[in-house]
Student: 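Can you read through this structure? Questions will come right after.
Just so you know, ligand 1 is whichever comes first in the structure, and atom 1 is the first atom listed for that ligand. What's counted below: heavy atoms across the whole structure, side chains too, no hydrogens, waters or symmetry copies.
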Amino acid sequence: MLHPKKERTLLILKPDAVKRGLAGEIVSRIESRGLKIIALRMFWANKDQIDRHYPQDEKWIKRLGEKTLKNYAEYNFDAKKELGSDDSLVVGGMVRSWLIDYLTSGPMVKMVIEGIHAINMVRKIAGPTMPAEADMGTIRGDFSVDDATAANRDKRSIRNLVHASETHEEAEHEISFWFAPEEIFEYKRAEDDVM
Ligand code: GDP
Ligand code: MG
């Protein structure tokens, strides 16, 4: 088993973060937490890459649809009327295709982050998927107020600034998908001796 300090996760600054000039602010939040950036690069993805970055299985697409339907129920929105369907697989498919448009609409910044419980820590710093539900102090809570009811009405993805791996499986797949081993660096940060 790997030392907990060596856990790795993938963080992507989505096009809205780059276009709003928030890259430095977000990187700084990661660094000041004591998490180590061990790879970083700006890139412009194509649709096929984004399609392969996210899981393609039915279970994941259904889960995506369920998130929207839950948000609709909370705000008393009628999914069938708004979207033409309240089937989680159909709705999840729609959300997934909007997501691909969003993430190919401009340059992004990808990075690999290493540190204690890096996957959960970075998710915590990012905040939950819907910025409207995110606490102040999180990236999504501090810089956005978007949610599914608004985004779906405009037939677009929720603009929530960052992508962060959710599980060990996602992290492993995403890191090797976006970075070659020689683009990831091992080095010592000053805090390694202190924290
Ligand atoms: P994440 O891990 O927090 O990024 O969330 P997911 O993996 O569930 O979803 C991937 C991305 O799809 C999110 O970051 C949003 O940009 C977008 N998204 C998720 N759920 C919805 C939704 O219900 N409606 C819309 N329009 N976009 C969504
Ligand atoms: Mg996710």
Student: Heavy atoms only: which of Lys70, Arg123, Lys67 is nearest to atom 2 (O) of ligand 1?
Tutor: Arg123
Student: Does this structure show an ion pair linking Lys70 with Glu74, if we count only N-O contacts that are shorter than 4.0 Å?
Tutor: yes
Student: Could you tell me the residue and atom name of the protein heavy atom closest to atom 22 (C) of ligand 1, and the distance to it rounded to 0.1 Å?
Tutor: Thr68 OG1, 2.9 Å
Student: In ligand 1, which numbered atoms sit nearer than 4.0 Å to a non-hydrogen atom of Ala151?
Tutor: 26 (N)
Student: At a non-hydrogen distance cut-off of under 4.0 Å, which region of Arg96 contacts ligand 1 (side chain, backbone, both, or neither)?
Tutor: neither
Student: Whether the Tyr72 and Asp86 side chains hold a donor-acceptor pair (N or O, under 3.5 Å, no angle test) is what I'd like checked.
Tutor: no
Student: Non-hydrogen atoms of Arg156 versus ligand 1: any pair closer than 4.0 Å?
Tutor: yes
Student: For ligand 1, find out whether one of its N or O atoms is nearer than 3.5 Å to an N or O atom of Tyr102.
Tutor: no
Student: So, do Leu10 and His173 sit near enough that their side-chain heavy atoms are less than 4.5 Å apart?
Tutor: no
Student: Side chains of Asn152 and Glu82: donor-acceptor distance under 3.5 Å anywhere?
Tutor: no
Student: Determine, using heavy atoms of Asn71 and all atoms of ligand 1, whether some pair is separated by less than 4.0 Å.
Tutor: no
Student: Give a yes or no on whether a salt bridge exists between Arg63 and Glu166, defined as a side-chain N under 4.0 angstrom from a carboxylate O.
Tutor: yes
Student: Do other residues, nucleotides or ligands put more than 12 heavy atoms under 6.0 Å from the CZ atom of Arg41?
Tutor: no
Student: What do we get for Glu170 next to ligand 1 when only non-hydrogen atoms under 4.0 Å count, side chain, backbone, both or neither?
Tutor: neither
Student: Please identify which atoms of ligand 1 are closer than 4.0 Å to at least one heavy atom of Ala148.
Tutor: 22 (C), 23 (O), 24 (N)
Student: Under a 4.0 Å heavy-atom limit, does Thr129 contact ligand 1 with its side chain, its backbone, both, or neither?
Tutor: both
Student: Side chain, backbone, both or neither: which applies to Ile158 and ligand 1 if a contact is any heavy-atom pair less than 4.0 Å apart?
Tutor: both
Student: Salt bridge or not for Asp101 and Lys47, using N-O below 4.0 Å?
Tutor: yes
Student: For atom 10 (C) of ligand 1, what is the nearest protein heavy atom, given as residue, atom name and distance?
Tutor: Leu99 CD2, 3.7 Å
Student: Short list, please: which atoms of ligand 1 are under 4.0 Å from a heavy atom of Arg140?
Tutor: 1 (P), 3 (O), 4 (O), 14 (O)
Student: Taking the cut-offs as 6.0 angstrom to the six-membered ring centre and 45 degrees off its axis, would you call Lys36 and Tyr187 a cation-pi pair?
Tutor: yes
Student: Evaluate Trp98 for polar contact with ligand 1, using N/O atom pairs at a separation under 3.5 Å.
Tutor: no
Student: Below 2.8 Å, can you find an N, O or S atom of Glu166 next to the Mg ion (ligand 2)?
Tutor: yes
Student: Any carboxylate oxygen within less than 4.0 angstrom of a Lys/Arg side-chain nitrogen, looking at Lys62 and Asp87?
Tutor: no
Student: Can you pull out the closest protein heavy atom to atom 24 (N) of ligand 1? Residue, atom name and distance to 0.1 Å, please.
Tutor: Asn152 OD1, 3.0 Å
Student: Using distance alone, determine whether Ser157 and ligand 1 share an N or O pair under 3.5 Å.
Tutor: yes
Student: Find all atoms of ligand 1 within a distance of less than 4.0 Å from any non-hydrogen atom belonging to Arg63, and give their numbers and elements.
Tutor: 6 (P), 7 (O), 8 (O)
Student: Can you name the atoms of ligand 1, numbered from 1 with element, that are less than 4.0 Å from a heavy atom of Lys14?
Tutor: 13 (C), 14 (O), 16 (O)
Student: Between Lys59 and Asp57, is the closest basic N to carboxylate O distance under 4.0 Å?
Tutor: no
Student: Relative to the ring of His53, is the ring of His163 parallel (under 30°), tilted (30 to 60°) or perpendicular (over 60°)?
Tutor: perpendicular
Student: Using a 4.0 Å heavy-atom cut-off, which part of Glu166 comes near ligand 1: side chain, backbone, both, or neither?
Tutor: side chain
Student: Looking at Ala134, is its backbone amide N or carbonyl O close enough to the side chain of Thr138 to form a donor-acceptor pair, meaning the two atoms are under 3.5 Å apart?
Tutor: no
Student: Tell me, which protein residue and heavy-atom name are nearest atom 9 (O) of ligand 1, and how many Å apart are they?
Tutor: Leu64 CD1, 3.3 Å
Student: What part of Trp60, side chain, backbone, both or neither, has a heavy atom within less than 4.0 angstrom of ligand 1?
Tutor: side chain
Student: Closest non-hydrogen protein atom to atom 28 (C) of ligand 1, residue and atom name please, with distance?
Tutor: Val95 CG1, 3.3 Å
Student: Going by distance only, is there an N or O of Asn160 that falls short of 3.5 Å from an N or O of ligand 1?
Tutor: yes
Student: Using a strict cut-off of less than 4.0 Å between a Lys/Arg side-chain nitrogen and an Asp/Glu carboxylate oxygen, indicate whether Glu186 and Lys6 qualify as a salt bridge.
Tutor: yes
Student: Less than 4.0 Å is my threshold; does some heavy atom of Lys155 fall inside it relative to ligand 1?
Tutor: no
Student: Going by atom types only, do Ser144 and Asp146 share a side-chain donor-acceptor pair under 3.5 Å?
Tutor: no
